[in-house]
2 protein chains.
Amino acid sequence: MHSQFTIDCVILSFDNGTLQVLLTERNEYPYKDWWSIPGYFVDKYEEMEDAVYRICHEMTGLKNIYMDQLAAFAGVKRHPEGRILTVAYLAFVQYDSIKSKIKPVSTYMKQAKWFAINDLPDLAFDHLEIINKSLGRLKNTISYSASLYELLPEKFTLTQLQLLHEAILGKTLDKRNFRKKINTLGYLKPLDEYQKGVSYRAAKLYKLDKRKFHKVIGQG
Amino acid sequence: MHSQFTIDCVILSFDNGTLQVLLTERNEYPYKDWWSIPGYFVDKYEEMEDAVYRICHEMTGLKNIYMDQLAAFAGVKRHPEGRILTVAYLAFVQYDSIKSKIKPVSTYMKQAKWFAINDLPDLAFDHLEIINKSLGRLKNTISYSASLYELLPEKFTLTQLQLLHEAILGKTLDKRNFRKKINTLGYLKPLDEYQKGVSYRAAKLYKLDKRKFHKVIGQG
DNA sequence: TTTAATAGTGTAATAAATACACATTATATT
DNA sequence: AATATAATGTGTATTTATTACACTATTAAA
C-alpha cells in the first residue's frame with residue numbers, strides 16, 4: 001500500500017536556444033513505457049523537502065538541486081488507480097553540467113532524457129498541465145531575476161542570457177537595450193575570458209556576482 | 001476514516017486600515033476550541049475546486065468566493081493524528097458585504113470571526129505559517145492589480161485604495177504620486193457620488209471599470 | 001465663525017524604457 | 001593574401017515613469 005501522495009519534479013534547463021525539460025520513461029504501471037516528469041510516492045514519515053531530493057535522485061541520478069513548490073494537483077481522474085494528489089516542484093539546472101549524470105538510480109524509471117519544451121512526447125497523467133503551469137510561473141516570476149542563472153552555465157555570454165530571456169518571455173528583445181538593462185542591474189561580472197570553438201568573433205564571458213546579486217535583491 | 005487530505009482557506013479582507021483574516025473556532029478534536037483558518041477534509045470523489053467552495057461555505061456560511069491555490073503543506077508533525085497534507089487556498093472578500101453572512105453551517109466550527117492580521121490569537125496546526133505565506137503572496141503579486149479590488153467595497157475612495165496598498169506593502173505612499181499612478185492605469189471610473197456620514201469633506205467615490213481593466217491587463 | 005479633519009491638486013528633476021544602425025573581430029574559404 | 005561569413009559590441013535621442021515636495025478647498029461639528 002502506497003502512502004497518501006506523490007511528488008513530481010519539473011526540472012527545466014536551457015540549451016540550443018530552447019527551454020528543455022527532463023522526462024523519465026516509466027517502467028511500471030500505470031502508464032508503463034510513457035514519458036513523465038520524474039516523481040514518486042512520499043514516504044509516510046518523510047518531509048516533503050526531503051522527499052523531493054530523494055525522488056529526484058532516484059528517478060534521474062541528479063543530486064543537490066534546489067526546488068520550489070509549484071502547486072498541488074489532485075484531479076479525481078488524474079490517476080487511473082484512484083485520486084492521488086501530487087505536489088509538483090520546480091527546479092532549474094545547468095544543461096551542460098548535468099548531461100552525463102542523468103541516469104535513474106531506481107528501476108522505476110527506464111531512462112531520463114531532455115526534451116525541448118515545444119517538442120514534447122505524449123505525457124503520463126496530467127504532466128503536461130504541470131509543465132505548462134511551470135512555464136507560467138517562470139514567465140511571471142523570474143525575468144531579470146535570480147534563479148534564472150541556474151539555467152545557464154557558470155560562465156555565459158550576454159547573447160546566451162538574452163536568448164534565455166527571449167525563450168522565457170516568448171518574444172525577441174533589442175540587443176542594445178537588453179545589455180543596458182543588464183548593466184544597470186550591476187551584478188554580472190565580466191571575465192577576462194572568451195567563448196571558444198566558434199567560427200566567428202568570440203564573445204566575452206560573464207558570471208553572476210552572487211555577492212552583488214544578494215545586495216541588489218535584498219533591497220528590492 | 002477520513003479521506004487523504006484537507007483544504008484550508010485563507011480568507012482575507014480589509015477594514016479599518018488593516019488586513020483582516022477570517023478565523024473559525026474549532027468544535028472538534030484535535031485543537032478543539034482553538035482558532036483556525038476554515039478547512040476540512042476533501043471527499044474521496046470531489047474535485048478540489050468543488051471542495052474549496054463546499055468547505056468554505058460549511059465552515060463560514062460564505063458562498064461564491066473566488067479562491068486561488070496558495071500551496072500544499074504537509075509537515076510530518078503538522079497534525080497530531082499523523083501527517084495530513086493540506087492544500088491552502090487564498091480568497092479576498094469585501095468586508096462590509098459579508099459581515100452579516102458569516103456563520104458556520106456545519107457544527108464542526110463554533111463560530112467564524114474576523115481578526116486583524118497583526119493581532120491574531122494562537123492558531124491550530126501550522127495555520128500561522130499558512131497565513132504568513134498568504135501575505136507574502138499578496139505582497140508579491142497584486143499591488144496595482146486585479147483581485148485587490150475584491151478587498152474593497154464596490155464603491156471606494158482613493159484614500160481607501162491607498163490605505164489598502166499601504167497595508168499590503170507595509171509602507172506609506174505619497175498621495176499625489178499614488179493618484180497619478182492610479183490615473184495612468186486608467187481603469188478606475190469616477191462616480192458622481194460622494195462618501196457619506198463623515199464629519200469632514202466627503203471624498204469622491206470610484207469603482208473598478210472591469211471592461212477597461214481587462215483590456216489593460218490583457219496586454220500586460 | 002472658528003476649528004478640525006480630510007480631500008484634492010501641479011511641477012520640476014531624475015531615472016528608466018524604447019527605438020534605431022553600423023563598425024569590429026575571428027574564423028573559414030578561395 | 002584576400003574575401004566572405006557570422007556574430008560581437010557599441011551610443012544617442014525620445015518618450016515614459018518615478019520621485020520629491022506643500023498648499024488650498026470643503027465639510028461638519030463645536
Side-chain angles (χ1 to χ4, degrees), chain A residues 14-18 139 143-145 152-153 155-207 212 215-217 219-220, chain B residues 14-18 139 143-145 152-153 155-207 212 215-217 219-220:
Chain A
F14 183 66
D15 184 60
N16 216 330
T18 317
K139 192 165 174 178
S143 55
Y144 294 119
S145 111
L152 293 170
K155 303 170 181 181
F156 50 84
T157 69
L158 294 181
T159 299
Q160 281 177 301
L161 183 59
Q162 182 177 344
L163 287 171
L164 173 56
H165 278 84
E166 290 178 344
I168 291 171
L169 298 173
K171 65 178 182 190
T172 59
L173 302 171
D174 177 86
K175 182 156 57 151
R176 281 172 294 186
N177 293 341
F178 179 77
R179 287 171 183 227
K180 197 187 305 172
K181 171 75 179 172
I182 287 295
N183 249 317
T184 63
L185 296 177
Y187 50 69
L188 286 197
K189 179 155 53 185
L191 304 173
D192 283 331
E193 289 179 67
Y194 292 81
Q195 214 176 10
K196 274 175 191 159
V198 291
S199 70
Y200 45 79
R201 177 174 179 182
K204 200 175 185 64
L205 293 172
Y206 289 76
K207 66 189 243 187
K212 285 191 188 166
K215 266 189 209 162
V216 174
I217 295 308
Q219 291 157 5
Chain B
F14 182 67
D15 184 60
N16 215 331
T18 317
K139 192 166 174 176
S143 54
Y144 295 120
S145 109
L152 293 171
K155 302 170 181 182
F156 49 84
T157 68
L158 295 181
T159 299
Q160 282 177 300
L161 183 59
Q162 181 177 344
L163 286 170
L164 173 57
H165 278 84
E166 290 178 341
I168 292 171
L169 298 174
K171 65 178 184 191
T172 58
L173 301 171
D174 178 87
K175 183 158 57 154
R176 281 172 293 186
N177 292 341
F178 179 78
R179 286 168 183 228
K180 197 188 305 171
K181 172 72 180 175
I182 287 297
N183 247 318
T184 63
L185 296 177
Y187 48 69
L188 286 197
K189 180 155 52 183
L191 304 173
D192 284 331
E193 288 180 66
Y194 292 82
Q195 214 176 11
K196 274 176 192 156
V198 291
S199 71
Y200 45 79
R201 177 173 177 183
K204 199 175 184 68
L205 293 172
Y206 289 76
K207 65 189 245 188
K212 286 192 187 165
K215 266 188 205 161
V216 175
I217 296 307
Q219 291 157 5

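Below, chain A is the first sequence line, B the second, and so on; all start at residue 1. Keep in mind that this is a model prediction, so the values were computed, not measured.
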(message) Expressed as a whole number of angstroms, how long is the span from B/Lys180:NZ to D/dT19:P?
(response) 10 Å
(message) Tell me the interatomic distance from B/Arg176, atom CZ, to D/dT24, atom P, rounded to whole angstroms.
(response) 13 Å
(request) Please find the earliest and latest nucleotides of DNA chain C, in the 5' to 3' direction, that have an atom within less than 4.0 Å of any heavy atom of chain B. (result) C/dA5 to C/dT11
(message) Would the distance check show the side chain of A/Gln195 and the main-chain N or O of A/Ala202 forming a donor-acceptor pair, the cut-off being under 3.5 Å?
(response) no
(request) State, to 0.1 Å, how close A/Pro190 and A/Lys204 come at their nearest heavy-atom pair, and which atoms those are. (result) CB-CE, 3.7 Å
(request) Applying side chain to side chain contact (heavy atoms under 4.5 Å, CB included), run through A/Leu158 and A/Leu188 and close with a yes or a no. (result) CA-CA 10 Å; A/Leu158 294 181; A/Leu188 286 197; 4.0 Å; yes
(request) Quick one: label A/Lys204 by what it contacts on the DNA or RNA (base, sugar-phosphate, nothing), any heavy atom closer than 4.0 Å. (result) sugar-phosphate
(request) Mind checking side-chain contact (heavy atoms from CB on, under 4.5 Å) for A/Thr172 and listing every partner two or more places apart, or none if nothing turns up? (result) A/Glu166
(message) Whole angstroms only, please: what is the CZ-P distance between B/Arg201 and D/dT27?
(response) 7 Å
(request) Rounded to the nearest angstrom, tell me the gap between atom CG in A/Leu158 and atom C1' in D/dT10. (result) 12 Å
(request) Identify, between A/Ser199 and B/Lys181, the residue whose nearest nucleotide on DNA chain D lies closer to the 5' end. (result) A/Ser199
(message) Taking any heavy-atom pair under 4.0 Å as a contact, classify B/Thr159: base, sugar-phosphate, or nothing.
(response) sugar-phosphate
(request) Compare the minimum distances between each of D/dG11, D/dA7, D/dC21 and the side chain of A/Tyr200, then state the nucleotide with the smallest one. (result) D/dA7
(message) Which heavy atom of A/Gln160 sits nearest to which heavy atom of A/Thr157, and what is that distance?
(response) OE1-N, 2.9 Å
(request) Grab the CZ-P distance between A/Phe156 and D/dA7 for me, whole Å please. (result) 20 Å
(message) Whole angstroms only, please: what is the CG-P distance between A/Asn177 and D/dA13?
(response) 15 Å
(request) Just call it for A/Lys175: base, sugar-phosphate, or nothing, with non-hydrogen atoms closer than 4.0 Å on any strand. (result) base
(request) Provide, to the nearest angstrom, the distance between the CZ atom belonging to B/Phe178 and the P atom belonging to D/dA17. (result) 17 Å
(message) Strictly distance-based, threshold 3.5 Å: is any side-chain N or O of A/Thr18 a donor or acceptor partner for the main-chain N or O of A/Asn16?
(response) yes
(message) Any non-hydrogen side-chain atom of B/Leu191 less than 4.5 Å from a side-chain atom of B/Tyr206?
(response) no
(request) Quickly work out the B/Leu185 CG to D/dT18 C1' distance and round it to whole Å. (result) 13 Å
